[in-house]
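Since the structure comes first, as structure tokens, the remarks are kept for the end.
Naming: A, B, ... by sequence-line order, numbering from 1 per chain.
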Amino acid sequence: MASLPSVAVNSTLKLEQDFRKVPTVSSAEDKNSHISYQRVARRSLDPRSVDFQEALTLLTEAPDVESAYYVPLLEDCIDKRSLCQTRVLHCHVTKTGWHRDLFLSTSLINVYAKCGAMDDAHKLFNILPLRNVVTWTSLMTGYVHNSLPELAVKVFCEMLEAGAYPTNYTLGSILSACSALASIGLAKQLHGYIIKYQIENDMSMENSLCSAYAKCRHLESAIKVFQRIPEKNVISWTIIISGCGDNGEAEKSLQLFVDMLSENVEPNDFTLTSILSSCCILLDLSFGKQVQSFCIKFGYHSNLPIRNSMMYLYLKCGMLDEARRLFDEMETVNLITWNAMIAGHAQMVDLAKNDLSAQRSGFEALKIYQKLNRSNLKPDLFSFSSALTVCSHLTALDQGEQIHAQTIKTGFLSDVVVGSSLVNMYNKCGSIEKGTKAFVEMSTRTLISWTSMITGYAQHGRSKEALGLFDDMRLAGVKPNKVTFVGVLSACSRAGMVDEALHYFEMMKNEYKIKPVMDHYACIIDMFVRLGKLEQAFEFIKEMDFQPNELIWSVFIAGCRRHGNMELGFYAADRLLELKPKDAEIYISLLNMYLSAGRFKDVSRIRKLMKQEKIGKLKDWSTISVKDKVFSFQPGDRLHFQSEAIYELLENLLEKAKGLGYIPENISQLVDEEDVEQNSYSLVHHSEKLAVAFGLLNTPKGASIRVTKSISMCKDSHSAIKFFSKLTQREIIVRDSKRLHRFMNGGCSCGDHGALL
DNA sequence: CGCTCATAAT
């Protein structure tokens with residue numbers, strides 16, 4: 001090549017100083033003056049030497065410029081993701097006439113795409129007098145990377161119509177659009193093109209094809225493609241490992257990881273995070289720990305995604321302290337770290353409802369969420385939906401409302417998942433009105449949103465609204481699933497709508513081909529039981545395709561007690577005991593049944609069984625949150641600092657309630673013998689009464705009281721709190737292990753069939 | 001010449 005023009009030489013001289021600062025210059029590259037100039041030009045873009053504008057000036061003045069000279073400038077635009085600078089460069093290219101160069105135009109499309117400016121990219125594409133397959137592919141890739149896979153497909157079709165032949169690059173790009181769209185039809189078509197156009201077997205493209213099948217949930221096809229890749233690289237393995245994990249074959253993905261190692265393919269950070277994600281699915285901490293040592297061995301120990309995944313694995317396995325240790329050790333964290341911590345603590349609330357420490361981890365989740373807010377990161381839809389889910393479990397309406405406000409401010413409210421979490425939160429916190437409002441204001445609704453609202457109405461005893469919404473949902477073209485039908489059937493059950501219930505039950509089976517599960521039967525049986533139609537309930541139990549479970553018998557027995565059909569009750573009790581239940585609540589309810597029937601032989605039989613089966617004590621506790629602090633109460637609790645005031649208020653209220661017709665029931669039935677010994681009979685109150693009294697004392701007049709309780713409310717507390725709501729003119733919400741109770745003005749939303757014990 | 005492949009969470 002001809003010697004460099006004087007101006008360029010000057011710039012070389014100027015830049016040599018910079019070369020001295022940068023020691024890594026390969027002599028091989030220097031032999032080629034072409035590349036050397038590129039290096040110079042690239043160096044010239046270093047902000048320490050010459051700015052971008054100056055580099056452009058150099059190029060303007062330089063003779064014999066080749067299009068490749070622009071490469072460093074193009075790269076600089078990509079590095080900086082600077083749309084502004086890209087436009088300047090584009091102008092320059094146009095002015096100097098280089099825009100006629102296909103290489104440069106294609107590169108510019110690519111740069112615009114990398115800057116996220118697909119409008120500019122496509123405009124430029126439209127005015128090009130000439131296009132080749134690379135130009136088309138660049139535009140398509142731009143759409144894929146900017147999360148517009150539909151448009152990528154559109155461009156692909158236009159390209160075929162224009163008569164251009166796709167290459168392996170084109171197919172690779174469009175296959176990743178296909179992955180994003182998860183469209184199996186498209187995947188198969190593209191696979192067909194590969195064969196039809198005899199596109200050269202290229203490992204990248206085969207990887208993309210494998211990934212597309214996996215993302216379309218056609219794991220078998222993905223595995224076939226994978227097996228046929230002659231030279232599998234680490235990416236091929238990573239695709240199939242994560243594909244198995246995503247498609248319910250987590251064990252298989254662990255096996256593949258082992259296979260990969262035995263074929264001497266070294267995993268990278270992507271592989272290791274994928275495999276840790278599979279460990280999360282399987283809750284396989286021991287495999288996870290082995291992977292952890294791999295991470296150290298291969299030098300990924302401080303890799304953030306890996307640390308996040310490892311931390312999440314500990315969280316998933318319930319080892320919160322270990323996870324916290326990892327969290328504290330991290331010098332850098334990202335939003336995913338925070339979200340994993342929030343979600344990890346949030347799931348604990350779900351796991352064991354009868355465990356106070358699990359409840360505490362819910363509050364810990366909210367604390368972490370608040371810390372995130374004080375950090376330099378901003379919560380996203382994952383943070384919001386997890387935090388809202390926690391609020392719904394904890395009946396923490398105040399915190400939930402604060403988060404609602406934040407979702408509005410940040411614009412995340414429009415997200416369907418956030419919207420659904422919000423609806424769910426309000427409904428679970430006992431505010432069906434706010435839940436409805438949030439639901440109505442959603443711009444789009446998914447199956448989950450509809451189901452959540454239908455279930456909300458059903459839980460609040462608003463059967464008509466629940467069924468009306470179910471019709472709306474079907475009109476909107478959303479297909480109900482089995483969870484939706486649990487909501488629908490429980491709405492019918494609550495309202496005693498026998499014909500409707502049976503109609504929907506048949507609809508579910510015939511029209512939607514959903515096989516009824518235990519919860520569906522439980523709704524129907526509960527309905528007959530509520531109506532006192534025990535024989536019909538019993539017939540239904542006998543007709544079921546499978547053995548009734550503990551829930552079915554419990555519901556049935558509660559009905560037998562209520563309606564005084566003890567013969568059926570005793571029969572059902574024996575069937576229930578055959579299932580060897582582990583739930584203390586079940587035994588207590590049987591004890592109560594035999595006690596009230598005066599069958600003391602059976603009482604001692606049950607007590608003996610409880611010892612045999614090692615059934616622990618009934619763990620009754622309630623929590624209430626006041627001003628962001630959580631207070632928990634146990635039955636007969638006198639340890640609390642406000643004990644005296646609480647008991648005084650309770651006695652006072654109970655006295656007044658008696659005047660209005662409250663009849664205390666023998667609550668000693670529910671308390672274990674030890675407890676009775678420790679406290680005199682009349683002073684033992686169940687935890688929810690104490691929590692409600694505490695709430696009345698510590699919240700402003702007229703404020704709602706929200707309590708969560710570990711087990712079902714008993715009839716006595718239920719009746720008492722109804723009177724409390726009338727006497728104090730307060731709304732009192734108690735979420736127990738089975739139901740939502742909203743007490744207002746002497747009534748309860750559960751329709752008085754809620755107390756099982 | 002330039003354009004393609006994969007990861008962590010609700």
How are the rings of F125(A) and H122(A) set to each other: parallel, tilted or perpendicular (split at 30° and 60°)? perpendicular
Give N110(A) one of three labels, base, sugar-phosphate or nothing, depending on what nucleic acid heavy atoms sit under 4.0 Å from its own. sugar-phosphate
May I have the step-by-step check of side-chain hydrogen bond (donor to acceptor under 3.5 Å, both in side chains) for T337(A) and N334(A), ending in yes or no? CA-CA 5 Å; T337(A) 321; N334(A) 62 8; 2.9 Å; yes
I want to verify a distance call: between dT4(B), dA9(B), dT10(B), whose nearest atom is closest to the N339(A) side chain? dA9(B)
For F382(A) and dT10(B), is the gap between ring centres under 5.5 Å while the planes differ by less than 30°? no
Nearest of dT10(B), dA8(B), dC1(B) to any side-chain atom of F103(A)? dC1(B)
Tell me what N132(A) touches on the nucleic acid: a base, only sugar-phosphate, or nothing, going by heavy atoms under 4.0 Å. base
NA contact type, I174(A), heavy-atom cut-off 4.0 Å: base, sugar-phosphate, or nothing? nothing
Interatomic distance, R307(A) CZ vs dA8(B) P [rounded to whole Å]: 19 Å
I want to check one thing: is the phosphate of dT7(B), taken as OP1 and OP2, less than 4.0 Å away from some side-chain N or O of K215(A)? yes
Do S274(A) and dT7(B) have a side chain to base donor-acceptor pair shorter than 3.5 Å? no
Give D202(A) one of three labels, base, sugar-phosphate or nothing, depending on what nucleic acid heavy atoms sit under 4.0 Å from its own. base
Of the nucleotides dT7(B), dG2(B), dT4(B), which one has an atom closest to the side chain of H145(A)? dT4(B)
Quick check on the 6.0 Å ring-centre criterion: do H404(A) and Y426(A) meet it? yes
Listed nucleotide nearest any side-chain atom of Y312(A), set dA8(B), dT4(B), dA9(B): dA9(B)
Considering only dC5(B), dA8(B), dT4(B), which nucleotide approaches the side chain of T141(A) most closely? dT4(B)
Name the residue from L124(A), D101(A), L128(A), D120(A) that meets the side-chain contact (heavy atoms from CB on, under 4.5 Å) definition with L108(A). L124(A)
Can you measure Y369(A) atom OH to dT10(B) atom P for me and round it to whole angstrom units? 17 Å
Where the side chain of T137(A) is defined as all heavy atoms beyond and including C-beta, which of dC3(B), dA8(B), dT4(B) is the nearest nucleotide? dC3(B)
Contact class for I239(A) (heavy atom, under 4.0 Å): base, sugar-phosphate, or nothing? sugar-phosphate
NA contact type, A340(A), heavy-atom cut-off 4.0 Å: base, sugar-phosphate, or nothing? nothing
